[in-house]
Amino acid sequence: MAESRTEFVPVERQMEILGRGAVDLVTEAELTKKLERSRETGKPLTVKVGFDPTAPDIHLGHTVLLRKMRQFQDLGHRVIFVIGDFTGLIGDPTGRSKTRPALTPEEIARNAETYKRQCFKVLDPQRTEIRFNSEWLGALGSEGFVRLAARYNVARMLERKDFRTRFQSGQTIAIHEFLYPLAQAYDSVALRADVELGGTDQLFNLNVGREIMPDYGLESQIVLTTPLLEGLDGSEKMSKSLGNYVGVEEEPREIFGKLMSVSDDLMWRYYLLCTGVSTEGIERMKALVVSGELHPKKAKEGLAMRIVADFHGETAARTALEEFQRIFQAGGVPDEVVEREIPVEKGKVALTKMLVALGLASSNSEAMRLVQQGGVRLDDAKVPPDTREIEAKVGTTVLVKVGKRHFARARFVASF
RNA sequence: GGAGAGGUUCCCGAGCGGUCAAAGGGAGCAGACUGUAAAUCUGCCGGCCUUGCGCCUUCGGAGGUUCGAAUCCUCCCCUCUCCA
């Protein structure tokens, strides 16, 4: 993207790219002004984004924000990736389950490494600056914190929706929870941020930064938020704890398969937020699907391919597509199947025990149910519902399939 | 400090002395169908086995009452509401 240096991309075009998919932009006029100035002076904008050091498992939901960061990078701006090691030490106060054990410096360092590895699947490593906010927040001291706290007031804090609802319903709000947005705001002061990005749930915190900066003699930062991506189920937001996520480090075939399980409706949302396909391009595809010229499944495969390619490269994406087609359209077998040894007694093997041993069922009861429901196949032959044990010859193997997508190979060995 | 409400299986949420492994929904799994791990429909959804209407473990914790308790009593822990 040689031509996309700040000096060369017209402000109007930059606004168009940066505004795509954004939820809040405070304010559009100010961003335009900053972009114009940066273009005139040749000085890139400083874009700051904060990350909590406690959850280094990056999933597709996070990449919406990372992609936005990447867009700034591609336009020649300076992106600072702030790891909230200091704010992390305070601990995220929202969860009321017990105080979180403070992370050790080693853990933070390790998490930071994981972050780097995962984020650079989207970000440009050459143009990403990584900073830890303990650097300036630690130096602030208690006096500095008091001064910082004096910049804001309780009424303003209570404007934040979750604080307000908790306050009104009589739920506890610990004092230090108020420090969280302030500390984050101070990050912007310390880094002299021009723009801060975040998920739309961060809007309040980002705006605190905006309000505090003039008190420190700085121009207010621009606040730009990205939407929260819906998870695979299409209703809840994507999160690890809900299990409806696609991790960036997952196997290509897993990512591919998970994306294929997304509903046709949700597919367009993912196209918009997780790929570089233009809004017009998406609209065109939608129209083709409606008119019957493009099969929705093809469109979904395209989506899955793009995303796998982003994280694992083109080759992996093609392999994943081929494997998916082989398994689900032709009833084939994946390239790699786990193999375990199963002891044989008197020429026989208890079917339920084998399924558990192969990791295809979590208990004998579950294995029993699977058999009864006709969900088990041995070497592609359906197992009759009342089967208890199977004949097995030591030295042979059998391919066990449960449902459409769970495979394992049993290698029969003599029981000692 | 005072007065109330509540803690149920992965989640939400019924049950309020036996017929409760516990309604309903969600998630998950399987089957059918298909265009895919979409949608829809059906079934399953604590564990164990000698698969019986069997046994064991579950309804915040510990005791108790009872032939029998998720359901009643006592104490304790935790959450929430209102008053001060």
Side-chain angles (χ1 to χ4, degrees), chain A residues 60 94-99 165-174 230-246 250-271 285-286 288-305 307-308 317 320-334 350-378 382-389 400-408:
Chain A
L60 206 55
T94 315
R96 76 196 95 162
S97 57
K98 283 178 200 152
T99 317
T165 49
R166 281 165 68 189
F167 184 69
Q168 284 170 349
S169 67
Q171 284 178 300
T172 306
I173 301 172
E230 291 84 350
L232 297 170
D233 53 43
S235 49
E236 303 292 331
K237 74 168 185 179
M238 183 173 283
S239 83
K240 199 184 175 189
S241 53
L242 291 171
N244 60 359
Y245 75 109
V246 178
E250 286 189 77
E251 290 296 311
R253 81 173 73 122
E254 276 301 306
I255 298 179
F256 196 97
K258 282 185 175 181
L259 289 167
M260 289 305 283
S261 82
V262 148
S263 77
D264 290 358
D265 289 339
L266 191 59
M267 153 170 85
W268 302 117
R269 181 94 171 135
Y270 280 28
Y271 254 116
M285 264 193 282
K286 266 192 200 173
L288 288 173
V289 166
V290 170
S291 69
E293 287 165 85
L294 175 64
H295 201 293
K297 188 190 154 200
K298 285 280 167 231
K300 208 177 288 176
E301 282 174 348
L303 172 72
M305 288 274 282
I307 292 173
V308 173
L321 170 70
E322 281 159 18
E323 181 166 310
F324 186 85
Q325 290 175 336
R326 191 170 74 241
I327 294 170
F328 296 105
Q329 281 150 46
V333 179
L351 184 54
T352 53
K353 292 209 167 115
M354 181 174 87
L355 291 174
V356 173
L358 290 171
L360 295 172
S362 59
S363 69
N364 287 343
S365 301
E366 190 187 309
M368 201 72 224
R369 276 178 231 126
L370 289 169
V371 174
Q372 278 164 357
Q373 290 180 128
V376 179
R377 284 166 179 272
L378 297 178
K382 199 172 227 167
V383 174
D386 54 348
T387 310
R388 295 290 195 72
E389 43 183 31
V400 186
K401 183 181 180 189
V402 170
K404 288 175 196 141
R405 60 196 183 95
H406 300 292
F407 296 86

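Any value given below was found using the heavy atoms of this structure, including those in side chains, with hydrogens, waters and symmetry copies removed. No experiment lies behind these values; they were computed from the predicted model shown. Below, read A as the first sequence line, B as the second, and so on, with proteins coming before strands; counting in each chain starts at 1.
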| In residues 293-304 of chain A, which residues come under 4.0 Å of RNA chain B by heavy atom? | A/His295, A/Pro296, A/Lys297, A/Lys300

Using Watson-Crick or G-U wobble geometry with both distances under 3.5 Å, which nucleotide pairs with [N]?
| N | value |
| --- | --- |
| B/U66 | none |
| B/G1 | B/C83 |
| B/A38 | none |
| B/C75 | B/G61 |
| B/C48 | B/G54 |
| B/A14 | none |
| B/A27 | none |

Taking side-chain hydrogen bond (donor to acceptor under 3.5 Å, both in side chains) as the test, write out the residues that go with [X], two or more places apart.
| X | result |
| --- | --- |
| A/Arg269 | A/Glu230 |
| A/Lys298 | A/Glu301 |
| A/Lys404 | none |
| A/Asp264 | A/Lys300 |

| message | Quick one: does any side-chain atom of A/Arg388 pair with a main-chain N or O of A/Ala350 as donor and acceptor, under 3.5 Å? | response | no

Tell me: [atom1] of [X] to [atom2] of [N], nearest whole Å?
| X | N | atom1 | atom2 | result |
| --- | --- | --- | --- | --- |
| A/Arg405 | B/C29 | CZ | C1' | 9 Å |
| A/Asn244 | B/C11 | CG | P | 16 Å |
| A/Gln325 | B/G35 | CD | P | 15 Å |
| A/Phe324 | B/U36 | CZ | C1' | 5 Å |
| A/Phe407 | B/A30 | CZ | P | 11 Å |
| A/Leu266 | B/A37 | CG | C1' | 14 Å |
| A/Lys401 | B/C29 | NZ | P | 15 Å |
| A/Ile307 | B/A37 | CD1 | P | 19 Å |

| Hey, does A/Met354 have a side-chain heavy atom less than 4.5 Å from the side chain of A/Val376? | no

| task | Could you tell me which non-hydrogen atom of A/Ala299 sits nearest to which non-hydrogen atom of A/Leu294, and how far apart they are? | result | CB-CD2, 4.0 Å

| field | Shortest non-hydrogen contact from A/Leu360 toward A/Ala408 | value | CD1-CB, 3.9 Å

With 3.5 Å as the limit, what N/O pairs link the protein to nucleotides 45-49 of chain B?
from  : atom 1 : to       : atom 2 : distance (Å)
B/G47 : OP1    : A/Ser363 : OG     : 2.8
B/G47 : OP2    : A/Arg369 : NH2    : 2.5
B/C48 : OP1    : A/Asn364 : N      : 3.0
B/C48 : OP2    : A/Asn364 : N      : 3.4
B/C48 : OP2    : A/Ser365 : N      : 2.7
B/C48 : OP2    : A/Ser365 : OG     : 2.5
B/C49 : OP1    : A/Asn364 : ND2    : 3.1
B/C49 : OP2    : A/Asn364 : ND2    : 2.7

[atom1] atoms of [N] and [M], separation to the nearest Å:
| N | M | atom1 | value |
| --- | --- | --- | --- |
| B/A27 | B/C76 | P | 42 Å |
| B/C75 | B/G24 | P | 37 Å |
| B/C77 | B/G28 | P | 40 Å |
| B/A21 | B/A30 | P | 28 Å |
| B/G61 | B/C78 | P | 15 Å |
| B/U51 | B/C16 | C1' | 33 Å |
| B/G13 | B/G6 | P | 14 Å |
| B/A14 | B/G7 | P | 8 Å |

| What distance do A/Met238 atom CE and A/Tyr270 atom OH have between them, rounded to the nearest 0.5 Å? | 3.5 Å

| field | Between OG1 on residue A/Thr352 and CD on residue A/Glu389, distance to nearest 0.5 Å | value | 10.0 Å

Let me have the donor-acceptor pairs involving side chains of residues 365-374 of chain A, under 3.5 Å, with sequence neighbours excluded, atom names and distances please.
from     : atom 1 : to       : atom 2 : distance (Å)
A/Glu366 : OE1    : A/Ser362 : OG     : 2.7

| message | Heavy-atom count check: over 12 atoms from other residues, nucleotides or ligands less than 6.0 Å from A/Lys353 NZ? | response | no

| Would the number of heavy atoms belonging to other residues, nucleotides or ligands and lying under 6.0 Å from CD of A/Glu251 be above 12? | no

Just the table, please: protein N/O against nucleotides 52-57 of chain B N/O, every pair under 3.5 Å.
none

| request: Return the 5'-most residue of the pair A/His406, A/Val262 with respect to RNA chain B, ranking by each residue's nearest nucleotide. | output: A/His406

Sequence neighbours excluded and cut-off under 3.5 Å, please list the side-chain donor-acceptor pairs for residues 253-262 of chain A, or say none.
from     : atom 1 : to       : atom 2 : distance (Å)
A/Arg253 : NE     : A/Glu323 : OE2    : 2.9
A/Lys258 : NZ     : A/Tyr245 : O      : 3.1
A/Lys258 : NZ     : A/Glu250 : OE1    : 2.9
A/Lys258 : NZ     : A/Glu250 : OE2    : 3.1
A/Ser261 : OG     : A/Lys258 : O      : 2.8

Between protein and nucleotides 31-33 of chain B, what N or O pairs are separated by less than 3.5 Å?
none

| message | Going by ring pair (Phe, Tyr, Trp, His ring centres under 6.0 Å), name the residues that satisfy it together with A/Tyr271, two or more places apart in sequence or in a different chain. | response | A/Trp268

| said: Base, sugar-phosphate or nothing for A/Met368? Non-hydrogen atoms, less than 4.0 Å. | reply: base

| query | Can you name the salt bridge (Lys or Arg N to Asp or Glu O under 4.0 Å) partners of A/Glu322, sequence neighbours left out? | reply | none

